[in-house]
There are 2 protein chains.
Amino acid sequence: MPASEDRRRGSYPKGIAKREEILSRALDVIAREGYAGASVKELAAAVGLSQGGLLHYFDSKEELFTAILRKRDEVDLALFDGPGEPAAPSGAGAASSGDTGDSDAGTVLFSTTGPTFDELRDGFLAVIRHNSEVPGLVQLFSRVAVDAADPAHPAHGFFLERGERLREAFVHALADAQAAGRVRSDVDPAMFARVYQAVSDGMQLQWMLEPDADMAAAVDALFAVLTTEESS
Amino acid sequence: MPASEDRRRGSYPKGIAKREEILSRALDVIAREGYAGASVKELAAAVGLSQGGLLHYFDSKEELFTAILRKRDEVDLALFDGPGEPAAPSGAGAASSGDTGDSDAGTVLFSTTGPTFDELRDGFLAVIRHNSEVPGLVQLFSRVAVDAADPAHPAHGFFLERGERLREAFVHALADAQAAGRVRSDVDPAMFARVYQAVSDGMQLQWMLEPDADMAAAVDALFAVLTTEESS
DNA sequence: GTCTATATGTTGATAGAC
DNA sequence: GTCTATCAACATATAGAC
């Protein structure tokens, strides 16, 4: 049911379709060409619109970027969830090319119904590895994440909910894996859900500073110490 | 030897003294009143100078903020290192009041000579707990950390070196503790040095968004899973 | 629905008086 | 060394033409 959040302006089929197209293209552009405190005008030009034209669809710069981050999660979910093997996450430009999906497919990763521990680990790591190929998106995410600390920021709610969903998935997966004896019994799922999120976010900062820093390896190391056996 | 890095403009005793005084006051102001994308003018007024007066000591806004972060580390080091019990880290405003110290005291926490595992853990946690009382500094740190991803940013080198020092301390402490059988033998010190840094930085983001998130508890949980016995 | 043009505001930085 | 005054550069948002 992708109807609830997408209502903004005209909200007619045509309008929201264009909106989605803009977001897809923006994602692609930022992923490839990077984000460096980009202005609305720059981004507008990049997606083939004027500033005014772009702001016809988004009320403000901050809302635009928030929408981009939402769309990004949507795309990542569709790519790295559900199927054991993603269709074709080849290279960097895996975020555009038409409609990636109103397919309700990927809600496993961040939903409460919950992926299994293995699914969550694999999906989480896949997204993180993918991030290494879209530096601009990582930078955009981190930048907005800081700004969104302000409750008045349009992305405040987005980051709150996103974090909650992510951690909820971890809590369930960890608890289940614990019950199955695969995760140490002395780990508090709620606490380590936060730790996973923190490691992921924190490694992004390190990686932006030092591209050699291996984000996925660090997260993987955390999985390793929490699990009782060596899987895979 | 605090002489090497402090050379900038006039660099006469009087000049650098005033510089330090400005930084101390700026720290105090930001810690108490918060940082919200503060402009140079605002900060200048807060420290009792005009914009021009302030920029007499710092070439640019970015260099000013970089210097503030440097000073902050210096103060934290002096406060939460060396003595088993800090003098009086009471409340929030523990960062000003005269000269906190050219005292060469605290170089343990981030130096290669290295604190012991317990010292590092206690100091690290103390700094993190202290951070909860200076939200403005946490926000400033995170904001500049993102911007400093750009190699051209004045703080780029600062964050690189800071990260290296911090992780080096962790690598040594973890390795030593491992040799003593206090830390699991299957943890890679270098890898987990990154993980500690990531958890710390990542928890700051969560805490800025949700002040109820317990930064120290998360880091402490990581210590707990890595150690073989329950210390405390 | 999209563009051009503009209003409005702010910022960082500089020049020059005192 | 510090202040006042000012600049030039942008950026966002809006208004109005097409």
Side-chain angles (χ1 to χ4, degrees), chain A residues 6-26 29-30 34-68 139-140 143-144 146-148 150 152-155, chain B residues 6-26 29-30 35-69 139-140 143-144 146-148 150 152-155:
Chain A
D6 288 338
R7 296 256 177 71
R8 294 206 159 266
R9 274 189 165 276
S11 185
Y12 294 101
K14 192 142 193 175
I16 72 161
K18 179 70 175 178
R19 228 183 97 102
E20 293 301 302
E21 185 202 325
I22 291 174
L23 292 179
S24 284
R25 207 173 313 192
V29 169
I30 294 177
Y35 162 87
S39 65
V40 175
K41 183 183 278 183
E42 281 175 320
L43 191 52
V47 303
L49 282 179
S50 73
Q51 185 190 201
L54 180 54
L55 284 185
H56 174 73
Y57 293 95
F58 304 91
D59 292 332
S60 71
K61 174 193 186 176
E62 290 173 337
E63 289 200 19
L64 165 61
F65 284 136
T66 305
I68 290 176
Q139 200 154 358
L140 174 63
R143 163 54 90 93
V144 180
V146 173
D147 293 347
D150 181 351
H153 192 285
Chain B
D6 288 340
R7 296 257 177 71
R8 295 209 158 261
R9 272 188 167 277
S11 185
Y12 295 101
K14 191 141 192 175
I16 71 161
K18 178 69 174 180
R19 228 182 96 102
E20 292 303 302
E21 185 201 326
I22 291 175
L23 292 178
S24 283
R25 208 174 310 192
V29 169
I30 295 176
Y35 161 87
S39 65
V40 175
K41 184 182 278 185
E42 280 176 321
L43 191 52
V47 302
L49 281 180
S50 73
Q51 187 190 199
L54 180 53
L55 285 185
H56 175 72
Y57 292 94
F58 304 90
D59 291 332
S60 71
K61 174 194 185 177
E62 290 173 336
E63 290 200 19
L64 165 62
F65 283 137
T66 305
I68 290 176
L69 289 177
Q139 200 153 358
L140 174 63
R143 163 55 89 92
V144 180
V146 173
D147 293 347
D150 180 351
H153 193 285

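Atoms considered below: every heavy atom in the structure, side chains included; atoms not considered: hydrogens, waters and symmetry mates. Lettering of chains follows the sequences in order, A, B, ..., and the numbering in each one begins at 1.
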| said: Any non-hydrogen side-chain atom of Leu23(B) less than 4.5 Å from a side-chain atom of Glu20(B)? | reply: yes
Closest of dC3(C), dA13(C), dT4(D) to the Ser50(A) side chain is dC3(C)
Greater than 12 external heavy atoms within 6.0 Å of Lys41(A)'s NZ: no
Taking the side chain as every heavy atom from C-beta outward, state whether Phe65(B) and Arg143(B) have any atom pair closer than 4.5 Å.
no
Rounded to whole Å, CG of Leu55(A) lies from P of dG16(D) at a distance of 17 Å
Rounded to whole Å, the CD-P distance (Glu62(A) to dA11(D)) equals 15 Å
Rounded to whole Å, CD of Glu42(B) lies from P of dT11(C) at a distance of 7 Å
Worksheet item: Any side-chain N or O of Lys61(B) under 4.0 Å from OP1/OP2 of dG12(C)?
Response: yes
Which of Leu43(B), Ile22(B), Leu55(B) passes side-chain contact (heavy atoms from CB on, under 4.5 Å) with Leu49(B)? Answer is Ile22(B)
Rounded to whole Å, the CZ-P distance (Phe58(B) to dG12(C)) equals 15 Å
Of Lys18(B) and Gln51(B), the one whose nearest nucleotide on DNA chain D sits closer to the 5' end is Lys18(B)
From NZ of Lys41(B) across to C1' of dT6(D) the rounded distance in Å is 11 Å
Touch class at under 4.0 angstrom, heavy-atom based, for Leu49(B) against every strand present
sugar-phosphate
Leu54(B) CG to dT14(C) C1', in whole Å, measures 15 Å
Asp59(B) CG to dA13(C) P, in whole Å, measures 9 Å
Between the side chain of Glu42(A) and the main-chain N/O of Ser39(A), is any donor-acceptor distance below 3.5 Å?
yes
Checking dG12(C), dC3(C), dG1(D) against the side chain of Tyr57(B) (C-beta onward), the nearest is dG1(D)
From NE2 of His56(A) across to P of dC18(D) the rounded distance in Å is 19 Å
query: Which part of the nucleic acid, if any, lies within contact of Ser39(B), taking any heavy atom under 4.0 Å across all strands shown: a base, the sugar-phosphate backbone alone, or nothing?
result: sugar-phosphate
